[in-house]
Amino acid sequence: MADSWTVQRTGPGDAARTQAREQLLEAARELYGVNGYRETAEHDVCEAAGVPVEVLRQEYGSREGLLIALHNRVTTTGLRAAESALLTEGIEECSIEERVRRLFDAYVEAVTRDPREARVTFVEVLGVSAVVDEHCKLWRALWTEFLTGEAERAVDRGEAEDRDHRVDVMVMVGTVHELMAHHARRCRRARPGEVSGELTQLALTMLGSQRSG
């Protein structure tokens, strides 16, 4: 399959590079998400993508760099979905319970839509290397900032205990990833509403907020 790369590069250079990057990401999603990252060799990804190994190294540095790029794409999609949920009409009038539920509904739906992506994002990145660990740590820090802002908003509205929730949020972010990894490993795929319901309950408990009804 990689022999066809010379034919594919007849277009503009930028377009060919974009195509190659997408092909590699698609191949990684399939192989890392089905067979596992550790069971997938560099040449396996390139063969599936239809590009030479040199192209993978040029675009992503290594199969580890490709793993980081795929994780980054999925987690970015999840964050954007959560942000969009908090910008919907009428959201400012919602209770903290409803606001948190919508946030997690959107996030879980986005990151579990494709079970292969969910496995890569929450399982296959674990324990790969110090570089991947640092990448995931940066994402956890970003989520901590995002959710701390939500906690502070809840405090201002009298919907959460009046205290510094940053440590609570840091613990919650780690727990969210552990819970998502648990569901990603299970043979029976949990419905998104079940997962987001668990996350909503967790968040409200840590905020010291009571669920209505």
Engineer: So if you build clusters from Ile, Leu, Val, Met, Phe, Trp, Tyr with side-chain heavy-atom gaps below 4.5 Å, do Val171 and Val169 land together?
Structural biologist: yes
Engineer: Measure the spacing between CG of Asp156 and CG of Asp162 and express it to the nearest 0.5 Å.
Structural biologist: 8.5 Å
Engineer: Quick one: list whatever passes side-chain hydrogen bond (donor to acceptor under 3.5 Å, both in side chains) with Glu59, sequence neighbours left out.
Structural biologist: Arg17, Arg21
Engineer: Hydrophobic clusters here meaning ILVMFWY residues chained together by side-chain heavy-atom distances under 4.5 Å, can you tell me if Val131 and Leu70 are in one?
Structural biologist: yes
Engineer: Please check if the side chain of Arg29 supplies one atom and the backbone of Arg116 the other of a donor-acceptor pair under 3.5 Å.
Structural biologist: no
Engineer: Apply side chain to side chain contact (heavy atoms under 4.5 Å, CB included) to residues Arg102 and Leu86 and explain how you reach the verdict.
Structural biologist: CA-CA 8 Å; Arg102 290 192 189 186; Leu86 298 182; 5.7 Å; no
Engineer: Glu83: which residues meet the side-chain hydrogen bond (donor to acceptor under 3.5 Å, both in side chains) condition with it, sequence neighbours left out?
Structural biologist: Arg80
Engineer: Any Lys/Arg nitrogen of Arg113 or Glu109 sitting under 4.0 Å from an Asp/Glu carboxylate oxygen of the other?
Structural biologist: yes
Engineer: Is Phe122 close to Val111 at the side-chain level, that is, under 4.5 Å between some pair of heavy atoms?
Structural biologist: yes
Engineer: List for me each residue that meets side-chain hydrogen bond (donor to acceptor under 3.5 Å, both in side chains) alongside Glu54, sequence neighbours excluded, and say none if there are none.
Structural biologist: none
Engineer: Could you give the distance from CD (Glu152) to CG (Leu147), rounded to the nearest 0.5 Å?
Structural biologist: 11.5 Å
Engineer: Search all heavy atoms of Val55 against all heavy atoms of Ala20 and return the closest pair with its distance.
Structural biologist: CG1-CB, 3.8 Å
Engineer: Measuring from Asp133:CG to Leu138:CG, what's the distance to the nearest 0.5 Å?
Structural biologist: 11.0 Å
Engineer: Side chain to side chain contact (heavy atoms under 4.5 Å, CB included) for Arg153 and Arg157? Distances and angles first, verdict last.
Structural biologist: CA-CA 6 Å; Arg153 176 188 177 280; Arg157 290 166 58 103; 3.0 Å; yes
Engineer: Check Glu93 with Arg99, please: is the shortest side-chain N to carboxylate O separation under 4.0 Å?
Structural biologist: no
Engineer: Which heavy-atom pair separates Thr76 from Asn72 by the least distance, and what is that distance?
Structural biologist: OG1-O, 2.7 Å
Engineer: Mind checking what makes side chain to side chain contact (heavy atoms under 4.5 Å, CB included) contact with Val195, not counting sequence neighbours?
Structural biologist: Val108, Met180, His183, Ala190, Leu199
Engineer: Apply side chain to side chain contact (heavy atoms under 4.5 Å, CB included) to Tyr60 and Ile68, showing your working.
Structural biologist: CA-CA 9 Å; Tyr60 295 105; Ile68 289 173; over 6 Å; no
Engineer: How close do Val100 and Ala203 get, heavy atom to heavy atom, and via which atoms?
Structural biologist: CG1-CB, 3.9 Å
Engineer: Determine, stepwise, if the pair Glu145 / Arg166 fulfils salt bridge (Lys or Arg N to Asp or Glu O under 4.0 Å).
Structural biologist: CA-CA 8 Å; Glu145 289 298 319; Arg166 178 169 291 275; 2.9 Å; yes
Engineer: Donor-acceptor check, side chain of His177 to backbone of Val173, threshold 3.5 angstrom: yes or no?
Structural biologist: yes
Engineer: Taking side-chain hydrogen bond (donor to acceptor under 3.5 Å, both in side chains) as the test, write out the residues that go with Glu39, two or more places apart.
Structural biologist: none
Engineer: Can you see whether Thr200 engages Glu97 through a side-chain donor-acceptor pair at a distance of less than 3.5 angstrom?
Structural biologist: no
Engineer: For the backbone of Ala85 and the side chain of Thr88, can you confirm whether one donor and one acceptor N or O come within less than 3.5 Å of each other?
Structural biologist: yes
Engineer: Is there a salt bridge (Lys or Arg N to Asp or Glu O under 4.0 Å) between Glu22 and Arg73 once you walk through the steps?
Structural biologist: CA-CA 11 Å; Glu22 288 301 314; Arg73 184 169 76 170; 3.2 Å; yes
Engineer: Is any side-chain heavy atom of Met172 closer than 4.5 Å to a side-chain heavy atom of Val176?
Structural biologist: yes
Engineer: Indicate the atoms forming the closest heavy-atom contact of Ala81 with Ala106, along with that distance.
Structural biologist: O-CB, 3.4 Å
Engineer: Closest approach of Val45 and Ala27, non-hydrogen atoms and distance?
Structural biologist: O-CB, 3.6 Å
Engineer: Would a 4.5 Å heavy-atom cut-off, applied to side chains only, mark Asp168 and Leu207 as touching?
Structural biologist: no
Engineer: As a quick check of understanding, evaluate side chain to side chain donor-acceptor pair (under 3.5 Å) for Ser129 and Glu64, giving each step before the final call.
Structural biologist: CA-CA 9 Å; Ser129 69; Glu64 180 182 274; 2.8 Å; yes
Engineer: Please round to the nearest 0.5 Å and tell me the distance separating atom CG of Leu202 and atom CG of Leu179.
Structural biologist: 7.5 Å
Engineer: Just verifying a value: how many Å separate Leu66 CG and Arg63 CZ, rounded to the nearest 0.5 Å?
Structural biologist: 10.0 Å
Engineer: Who are the side chain to side chain contact (heavy atoms under 4.5 Å, CB included) partners of Leu142, not counting sequence neighbours?
Structural biologist: Leu79, Trp139
Engineer: Could you tell me the separation between the CH2 atom of Trp143 and the OH atom of Tyr107, rounded to the nearest 0.5 Å?
Structural biologist: 5.5 Å
Engineer: Could you tell me whether the side chain of Phe146 reaches within less than 4.5 Å of the side chain of Leu103, counting heavy atoms only?
Structural biologist: yes
Engineer: Any donor and acceptor pair, going by atom type alone, linking the side chain of Glu47 with main-chain N or O of Asp44 inside 3.5 Å?
Structural biologist: no
Engineer: Return yes if some donor-acceptor pair links the side-chain N/O of Glu159 with the main-chain N/O of Ile96 below 3.5 Å, else return no.
Structural biologist: yes
Engineer: How close do Val128 and Val132 get, heavy atom to heavy atom, and via which atoms?
Structural biologist: CG1-CG2, 3.9 Å
Engineer: Quick one: do Val155 and Glu161 satisfy side chain to side chain contact (heavy atoms under 4.5 Å, CB included)? Show the steps, please.
Structural biologist: CA-CA 6 Å; Val155 170; Glu161 294 180 2; over 6 Å; no
Engineer: Using modelled atom types only, decide if a donor and an acceptor are shared between the side chain of Glu124 and the backbone of Gly36 within a distance under 3.5 Å.
Structural biologist: no
Engineer: Salt bridge or not for Arg101 and Glu98, using N-O below 4.0 Å?
Structural biologist: yes
Engineer: Please tell me if the side chains of Cys136 and His71 come closer than 4.5 Å, counting only heavy atoms from C-beta onward.
Structural biologist: yes
Engineer: For residues Ser196 and Asp105, is any side-chain donor paired with an opposing acceptor at under 3.5 Å?
Structural biologist: yes
